[in-house]
Amino acid sequence: MAKIWLDLCISIERMNYNFNEIEAKWQKYWAENQTFKAENVSDKEKFYVLDMFPYPSGAGLHVGHPLGYIASDIYARYKRHKGFNVLHPQGYDSFGLPAEQYAIQTGQHPAITTETNIKTYRRQLDQLGFSFDWSREVRTSDPSYYKWTQWIFIQLFNSWYNTDTDKAEDIESLIQIFEKEGNTTVNAICDDDTPDFTAESWNAFSSKEKQALLLKYRLTYLADTEVNWCPALGTVLANDEIVNGVSERGGHPVIRKKMTQWSMRITAYAQRLLDGLDKIDWPQPLKDSQTNWIGRSEGASVTFKVLNNTVTERSRSDENVISTPLNHPYEIEVFTTRPDTIFGVSFMTLAPEHELVSKITTPEQKDVVEAYIEATAKRSERDRMADVKTITGAFTGAYAEHPFTKERVPIWIGDYVLAGYGTGAVMSVPCGDQRDYDFAKHFGIDIPNIFSPLTPEEGTEDADALLENGAYAEKSGFVLKNSGFLNGLGYKEATKKAIAELEKIGQGKGKVNYRLRDAVFSRQRYWGEPFPVYYDADGMPQMLDEKFLPLELPEVDKYLPTETGEPPLGNAKKWHWLQYGDEGKVVSREEFEKAISDTERSRSGKIKGGALELNTMPGWAGSSQYFNRYMDPHNDEEIFSQEAINYWQDVDLYIGGSEHATGHLLYSRFWQKFMFDKGLVPKDEFAKKLINQGMITGTSAFAIRLQFIKNNYPFFVFVDSDMFDSFENPSKDSKYDYDDNPLFNFVEQYGSFDVQKLHVDVSLVDSSDEIDISKYKQWREEYSNSVFITKNSGSLKLTREIEKMSKSKYNVVNPDAICEEYGADSLRLYEMFLGPLEQSKPWNTAGITGVHSFLKKLWRLYHSGPNAEFYVSDTPPSEGSGEAFKTLHKTIKKVEEDIENFSFNTSVSTFMICVNELSAQKCNSRAILEPLAILVSPYAPHIAEELWEQLGHTESISKAPFPKFEEKYLVESSKEYPISFNGKMRFTLELPMDMTKEEIEATVMAHEKTQQQLQGRKPKQVIVVPGRIVNIVG
RNA sequence: GCUCGAGUGGCGGAAUUGGUAGACGCGCUGGAUUCAAAAUCCAGUUCUUUCGGGAGUGUGGGUUCGAUUCCCACCUCGAGUACCA
C-alpha cells in the first residue's frame, strides 16, 4: 500500500512543473549537443549579439548583473527563430586590479584566483540558461588571446597618421617622405614639440635620432607625460579611471607627475570619433558624453610675442606703445574660441607649469613666481577643485605685445589655466570671460570694454555698466567697439575677420581644439598584458618580431614594486630579450650580458635584444578588440581570418553598462578605426546598435528600533513600522488608533526616544515586509533579549528603502538562491518584467511569485489530462476556438513588436494575458499550444524545450521557426466605442465596424445615456472617428 | 554651474501616429478549499461621493473636439561632467 502511495506521489511530482529537474536537463542537453554553436560559413543571414564581457570578481554574480545578458539572450534566441545565423559569444575580461591586490595580500598567483572566479561565473551563467556559444570563449589574460593585443600594439607602433589621406599609414611611408622631403611638407599628426628638419638633415641623423623623431609620429609612442599618479595603488591612471579627483577603484588621491609612458595617439582620431557617432544607433546620453569627452571647440590659435626684457625695462617710463622693431626671443601661443574679442585682451595668463614661465620671469618677480609655483604644485587636484572660487596667481614681470595694437600686455600665471588643455596659455579678455574677469578684479587689472549692446538694459545709459557685475560671455546681442578693424561687427563676422587678419600678419590661424588627450597606455602593474617591447643599447624601444608573440608574463616572487620603485615586472628574474638571428628568448640579465659580451657574435650584428618593458598594458587593452576576436577565436595565424570578419562584419546589438561610455567604448572605436585604416576590418564602427541596461538597485529592509532611557540606561524597543508610522502621524488613517497604540504607553512611561534604523538581511524578510522575530534573533544574537512590540506576535513589520545593492546593506540577492527556489526561467522572466531594460529599477524578490505562478499556469495548459498528465488535442480547433486563435495571434503580434523594440517587460505581461485567456477558454489544442511554446522560448527556454519535447519533437525548440502572425484572426466585426463628453469618457457603446460616421452619430445621439449626459443641452459639435472614438462637445 | 534623462495608485510599471488612464504583476481586503498551514482558485482594490456622479498622470499656463503624450515656464529626483579659454 505504501509503495503504491509513493509511486503515485512520484508520478504526480512528474506531472508538476518541476523546474529544477527540467532546467538541469536542458542545460545539459544544450551543452552536449552544442546547440548554440555558430558557424562561420552559412547561407543564413548573420546576426551578432554581444554582451560586454564581465570581469570575474571574487564575489560572483548578484541578481543585477545578468539583466543585460538575459535581454541579449532573448534577442539572440528570437533571431535564431527568425532564421538568422546568430553569433552570441561570451568571455572574460580577466586581467585587472582586484586579482592583483589579492595576490599582493596573499601571495596567491592572480592566474589562480582568476581561474577560480571564472569557474564560479561560468556555473552561475550556465544555470541561467544562456545560449552562448562557449566554444568561442576568450579570456584577456590568456596568452593565446593577448598575443593579438600585443600584435595590435605593434601595428600601432608601426603606423603614423596622415592628415591628407585622413587615415593611419605604415611608418615606412613616412620614413620615405622624410628621406626625400624632410618633415616640413608632410601633414601628419605628431607631438607639439616636433622640430622641423630637412631631408638632408634627416639622412644625416643617427639611427637613435631617427628613432626618437619617429616616436613623435607613431600611433603608440613613448613620451614624458604628465600623468595621474596614484601613490596608494602604485600606478598611473587614465582620466576615465579618476572620479572627482580620486581613483575610481578605492577612492585614493591622485597627483600629477611626469613619467615616461607609452601613450596612444587617440587624438589623431578625435574628429572621426566625433563624426562616427552620427552613423551608429547608440543611446543619446552615451553619445553626448563621448562628444563632451572629445570636447571639440572651434577658434583660433594666436601667437603673442614676448617683449624682450631689457627693452621692456628701458621703455617702462614711456607710453605703452613700443614702435621700435624688437628681437623677440619668445612667443606664446594661445588657443581662443573668441578671436573676435582680441581687442579686449588686457593680460595673458600661463599655467604655472608652462615651460616659458621660468624663461620670461623678471629677476624682480622671480621669488614671487617661484613661491607661487611651489604652492600650486603642492595643492592636489582635489584641493584645486574644492575651492574653485579662490583666485590665485602671480605676475611674471614680463610683457607680451598685442598682435594688432602693439600695446604691452602683462603676463601672469594662474592655476585657473590648465597646463593640459590647449597650449596651457590664454589671452585673457576680462570683459568677455568670467574667469578672466574674476582674475582681473582680484588683481586690479584693467577691464576694458569692447561690447556695445544692441539692446541696452534699461537704466544703463553707459554701455560699460554692463560689466559691473561680471563678464559679458554671450555670443550675441552686441557689436564690437574699441576694436580697431572689428568695430561694428557681431560675433560671427568679427571672428572670421579676426582670423583673416591674424593670418595676414602671420600671428595666428583658425584652429580646432580638442579636450581629448592622448591615452596613457602604461600601468605599473603585474596582472596585465606585457608590452612586446625591449630597449636596445641606445635605450630606444624596439618591437619584438611578430613570430615571437605572445610575450608571456614572467613569474615574479612578489607583486609589489621593486625596492628601486620599478613596476612589479622588475622583480622577474628573467626579463631580458635575447635574439640571435631567428632564435629569440626571454633570459636573465646575466645571461643577456654574457651573450652581449661575446664580442664576436654581437659585433656581427646578429645579436639583438635588451631589457624588456617593465610596464604592462591597462585594463582597456584587452577589451578593445575582443568583439572581433570572437569571430575567429582560435586562429593562431591571424587575429581573425578575412573570411570570418567579412562574414560577421560587426556587432549588430551590443548590450552593456553606461559606465563604459568614455573608456572602453571610446578606445574600442579608436582601435576599430585604426584597424579599418589598415584594411583589417570592413567596418569603421564596431557596433551598429548599443543599449545600456539600467542598474538593478536593492530594496533594503530596516527594523525600527527606539532607544528610551530607563534609570539613566539606554533601553531598546523594536517596533512594527506600521505602528511607528501611526504614532508619528496620528492624523493619517492607519490600522492603529493613536490611543490604542502600545507605543503610547512606552512614551508615557519613559518619555522621548531616539529612532534607529537597522539593516535587515533581505533574504529573511517575507513578501509582506515582515520578519519572523525568532529568525531575526537568530541572525542577530545581540538582540535576543530586546523588547519587540508588534501587531502579530512573532513577526516584525519592517520599512523598505531603495539603495544600491551592496553587502554592507544586506540587500544583495544571489541568483543561485532564486534559481533554487523558483528556477532560472522565473528569474529570467522576472528580471525582464521589472521594467524597461534601460531604466534603473529596484529588485524585490517578493514579486517573483507573479511570474512563477504564470509559468505554472502555462505548464497546466499543456497538462490538462487526468492526474495533470500531459495532454493536447490534435483535433483542429472547432468554431468555439476562434477565440483561441485570436488570443494567439494577438500575442504573436505584440511579442514580435516588443522584442524588436527591446520592450521585454511588456511581452511578459502579454504572455500572462495570453495564458490567462487560454486557461479561461480551456484551450488544449496543439494548433495553439505549439506556437505558444515557441513564443515563450526566448524568455523561458527550459520550460519551452520541455513542453516542445512533450509535444513530440525531437529537435531543440531553438531550431523552430517563429510563428507567423496572421491579421485575419484579429479582424473584428464590431467595436466598443468610448463615448466622450468634452473629452471625458462617460460610457461605451458596442457598434458594428462597418457603420458610417453619420450612422454612428445618429445612433449615439439617440441613445438614452447620451440624453442623460446632455441633460437637455444641445451639443455644439460631435466628433466621430470611426473605429476609435465619439466625442460630444457642448 | 553645464549636459542628458525621469516624475502616473501602497509598490514595480502599462497606455500604437494625441483618442476608453492605471494593462500585467506584487501587496492589501474578503471568500472558497484545508484539522491547520502552504499551495491553488474566485471577487474587490486611483481618490472621492449624498452611489446620480465628480476629480485625477510633479506644478502653472498654452495648442486641440480631445493631452500621460505636443509647446512654454517652473519644481523635484537621478546620471554624467566640472576652472576646457
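The chains referred to below are lettered A, B, ... by the order of the sequence lines, with proteins before strands, and numbering in each begins at 1. Model, not experiment: these values are computed from the prediction. What you see below is based on every heavy atom in this structure, not just the backbone, and it leaves out hydrogens, waters and symmetry mates.
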Peer 1: Answer yes when E1001(A) and K997(A) have at least one side-chain N-carboxylate O distance shorter than 4.0 Å, and no when they do not.
Peer 2: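 Looking at K997(A) together with E1001(A), the answer is no, because their closest N to O distance does not fall below 4.0 Å.
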Peer 1: Looking only at atom types and distance, does a side-chain atom of Y977(A) sit under 3.5 Å from a main-chain N or O of G1027(A), one as donor and one as acceptor?
Peer 2: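 Confirmed, Y977(A) side chain pairs with G1027(A) backbone.
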Peer 1: Could you verify whether a donor N or O on one side chain and an acceptor N or O on the other, from T267(A) and D518(A), lie under 3.5 Å apart?
Peer 2: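 The criterion, which ignores hydrogens and geometry beyond distance, is satisfied for D518(A) and T267(A).
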Peer 1: Can you figure out which of rC84(B), rC65(B), rG12(B) approaches the side chain of L418(A) most closely?
Peer 2: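 When the side chain of L418(A) is considered, rC84(B) is the closest of rC84(B), rC65(B), rG12(B).
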Peer 1: Say you pick atom C1' in rC65(B) and the same atom in rG60(B); how far apart are they, in whole Å?
Peer 2: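 Looking at atom C1' only, rC65(B) and rG60(B) are 24 Å apart.
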Peer 1: Any luck finding a side-chain donor-acceptor pair between S980(A) and N1031(A) under 3.5 Å?
Peer 2: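 On atom types as modelled, these side chains do not qualify, holding no pair under 3.5 Å.
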Peer 1: Ignoring backbone atoms, test whether K841(A) places a side-chain nitrogen or oxygen under 4.0 Å from the OP1 or OP2 oxygen of rG13(B).
Peer 2: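 Indeed not, no polar side-chain atom of K841(A) lies that close.
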Peer 1: Answer yes or no: are there more than 12 heavy-atom neighbours, outside N901(A) itself, under 6.0 Å from its atom CG?
Peer 2: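 Enclosed.
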Peer 1: Nearest to the side chain of V1025(A), which nucleotide is it out of rA82(B), rG19(B), rA23(B)?
Peer 2: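 Looking only at side-chain atoms, V1025(A) lies closest to rG19(B).
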Peer 1: Counting side-chain heavy atoms from CB outward, which of rC24(B), rU40(B), rU20(B) is closest to R860(A)?
Peer 2: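 Given the options rC24(B), rU40(B), rU20(B), the side chain of R860(A) is closest to rU40(B).
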Peer 1: If you measure from the P atom in rC70(B) to the same atom in rA14(B), how many Å do you get, rounded?
Peer 2: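 The same atom, P, in both gives a distance of 16 Å.
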Peer 1: Find the partner of rU29(B): check Watson-Crick (N1-N3 plus N6-O4 or O6-N4) and G-U wobble (N1-O2, O6-N3) distances, both under 3.5 Å, and reply none if neither fits.
Peer 2: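 Pairing partner, where one exists within any strand: rA43(B).
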Peer 1: Describe the nucleic acid contact of K1020(A) in one word from base, sugar-phosphate, nothing, applying a heavy-atom distance below 4.0 Å.
Peer 2: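 Answer is nothing: K1020(A) stays at 4.0 Å or more from every strand.
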Peer 1: Respond yes when some side-chain nitrogen or oxygen of R435(A) is under 4.0 Å from OP1 or OP2 of rC84(B), and no when none is.
Peer 2: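 Yes, R435(A) has a side-chain N/O under 4.0 Å of OP1/OP2 on rC84(B).
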Peer 1: More 5' along RNA chain B: T337(A) or D898(A), using each one's nearest nucleotide?
Peer 2: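 The residue whose closest nucleotide sits nearer the 5' end is D898(A).
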Peer 1: With respect to D438(A), which candidate in H442(A), K441(A), R435(A), Q434(A) satisfies the side chain to side chain donor-acceptor pair (under 3.5 Å) definition?
Peer 2: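 When side chain to side chain donor-acceptor pair (under 3.5 Å) is applied between D438(A) and each of H442(A), K441(A), R435(A), Q434(A), only Q434(A) qualifies.
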Peer 1: Rounding to an integer number of angstrom, what distance separates rA55(B) and rA73(B) when you compare their C1' atoms?
Peer 2: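 These two C1' atoms come out 25 Å apart once rounded.
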Peer 1: In terms of side-chain heavy atoms of I913(A), which of rC41(B), rA85(B), rA23(B) is nearest?
Peer 2: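 Side chain of I913(A) sits closest to rA23(B).
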Peer 1: Which nucleotide, if any, forms a Watson-Crick or G-U wobble pair with rA14(B), using both distances under 3.5 Å?
Peer 2: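 With both distances under 3.5 Å required, rA14(B) matches none.
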Peer 1: Indicate syn or anti for rG9(B), taking the glycosidic torsion and treating anything within 90° of 0 as syn.
Peer 2: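 Base orientation: syn.
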Peer 1: Quantified in whole Å, what is the P atom distance between nucleotide rG9(B) and nucleotide rA23(B)?
Peer 2: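 It works out to 13 Å between them.
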Peer 1: Contact class for T849(A) (heavy atom, under 4.0 Å): base, sugar-phosphate, or nothing?
Peer 2: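 Sugar-phosphate contact only.
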Peer 1: Quickly work out the L861(A) CG to rC41(B) P distance and round it to whole Å.
Peer 2: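 My rounded result for the distance is 12 Å.
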Peer 1: To the nearest Å, give me how far apart NZ (K984(A)) and P (rA55(B)) are.
Peer 2: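 To the nearest whole Å, that distance equals 7 Å.
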Peer 1: Should rU81(B) form a Watson-Crick or G-U wobble pair with both distances under 3.5 Å, which nucleotide is its partner?
Peer 2: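 Pairing partner: rG1(B).
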Peer 1: To the nearest 0.5 Å, what is the distance between CG on N692(A) and CD on E838(A)?
Peer 2: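 Output value for this atom pair is 8.0 Å.
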Peer 1: Starting at OH of Y977(A) and ending at P of rG66(B), how long is that distance when rounded to a whole Å?
Peer 2: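 Rounded to the whole Å, the gap is 21 Å.
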Peer 1: Checking all strands, does S853(A) fall into the base, sugar-phosphate, or nothing category for heavy-atom contacts under 4.0 angstrom?
Peer 2: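 Sugar-phosphate contact only - S853(A) comes under 4.0 Å of backbone atoms but never of a base.
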Peer 1: For T349(A) and S428(A), does a side-chain donor sit closer than 3.5 Å to a side-chain acceptor?
Peer 2: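 Judged by distance alone, the side chains do pair up.
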Peer 1: Starting at atom NZ of K997(A), determine the distance to atom C1' of rC65(B), rounded to an integer number of angstrom.
Peer 2: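 It works out to 12 Å between those atoms.
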Peer 1: For a quick check of understanding: with a heavy-atom distance under 4.0 Å over all strands, which category does N905(A) fall into, base, sugar-phosphate or nothing?
Peer 2: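 N905(A): backbone/sugar contact only, no base atoms under 4.0 Å.
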Peer 1: Does R986(A) reach a base, just sugar-phosphate, or nothing at all? Heavy atoms under 4.0 Å.
Peer 2: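 Sugar-phosphate: the residue R986(A), judged by heavy atoms under 4.0 Å, touches backbone atoms but no base.
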Peer 1: Identify, between S297(A) and I1023(A), the residue whose nearest nucleotide on RNA chain B lies closer to the 5' end.
Peer 2: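 Of the two residues, I1023(A) wins.
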Peer 1: So, does T423(A) use its side chain to make a donor-acceptor pair with the main chain of E333(A) at under 3.5 Å?
Peer 2: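 Such a contact is found between T423(A) side chain and E333(A) backbone.
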Peer 1: Between I848(A) (CD1) and rC11(B) (C1'), how many Å, whole number?
Peer 2: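 Rounded to the whole Å, the gap is 17 Å.
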Peer 1: What is the separation between atom OH on Y421(A) and atom C1' on rU81(B), rounded to the nearest whole Å?
Peer 2: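 In whole Å, rU81(B) C1' lies 15 Å from Y421(A) OH.
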Peer 1: What does rA23(B) pair with, Watson-Crick or G-U, if both distances are under 3.5 Å?
Peer 2: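 WC or wobble partner does not exist here.
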Peer 1: Given the C1' atoms of rU76(B) and rA85(B), what is the spacing between them in whole Å?
Peer 2: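 Per the computed distance, 34 Å lies between those C1' atoms.
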Peer 1: Side chain of R515(A): nearest nucleotide among rC24(B), rC84(B), rC65(B)?
Peer 2: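 Of all the options, the side chain of R515(A) is nearest to rC84(B).
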Peer 1: Under 4.0 Å, counting only non-hydrogen atoms across every strand here, what does K893(A) touch: a base, just sugar-phosphate, or nothing?
Peer 2: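 Nothing, no nucleic acid heavy atom in range.
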Peer 1: With both distances under 3.5 angstrom, what nucleotide forms a Watson-Crick or G-U wobble pair with rA36(B)?
Peer 2: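 Its partner is none (no Watson-Crick or G-U wobble pair with both distances under 3.5 Å).
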Peer 1: When rounded to the nearest Å, what value does the distance between P atoms of rG61(B) and rC42(B) take?
Peer 2: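 To the nearest whole Å, 46 Å.
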Peer 1: Please give, in whole Å, the distance from rG12(B) C1' to L837(A) CG?
Peer 2: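 Roughly 15 Å, once rounded to whole Å.
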Peer 1: Write down the distance separating the P atoms in rU57(B) and rG78(B), rounded off to the nearest Å.
Peer 2: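 Nearest-Å result for rU57(B) against rG78(B) at atom P: 24 Å.
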Peer 1: Rounded to whole Å, please give me the gap between CD in E770(A) and P in rG27(B).
Peer 2: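 For the pair E770(A) CD and rG27(B) P, the rounded distance is 12 Å.
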Peer 1: With a 4.0 Å cut-off on heavy atoms, is N916(A) in touch with a base, just the backbone sugar-phosphate, or nothing at all?
Peer 2: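 Sugar-phosphate only.
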Peer 1: Which one is paired to rC51(B), where only Watson-Crick or G-U wobble pairs with both distances under 3.5 angstrom count?
Peer 2: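 Paired with no nucleotide.
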Peer 1: K287(A) side chain to I280(A) main-chain N or O, any donor-acceptor pair under 3.5 Å?
Peer 2: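 Looks like yes, one N/O pair under 3.5 Å.
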Peer 1: Say you draw a straight line from CZ of F347(A) to CZ of F443(A); how long is it, rounded to the nearest 0.5 Å?
Peer 2: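 Nearest 0.5 Å value for the CZ-CZ distance: 9.5 Å.
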Peer 1: Distance between the P atoms of rU45(B) and rG22(B), in whole angstroms?
Peer 2: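 Nearest-Å result for rU45(B) against rG22(B) at atom P: 11 Å.
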Peer 1: Quick one: what's the B/S/- string for nucleotides 1-9 of chain B, heavy-atom cutoff under 4.0 Å, read 5' to 3'?
Peer 2: ---S-----
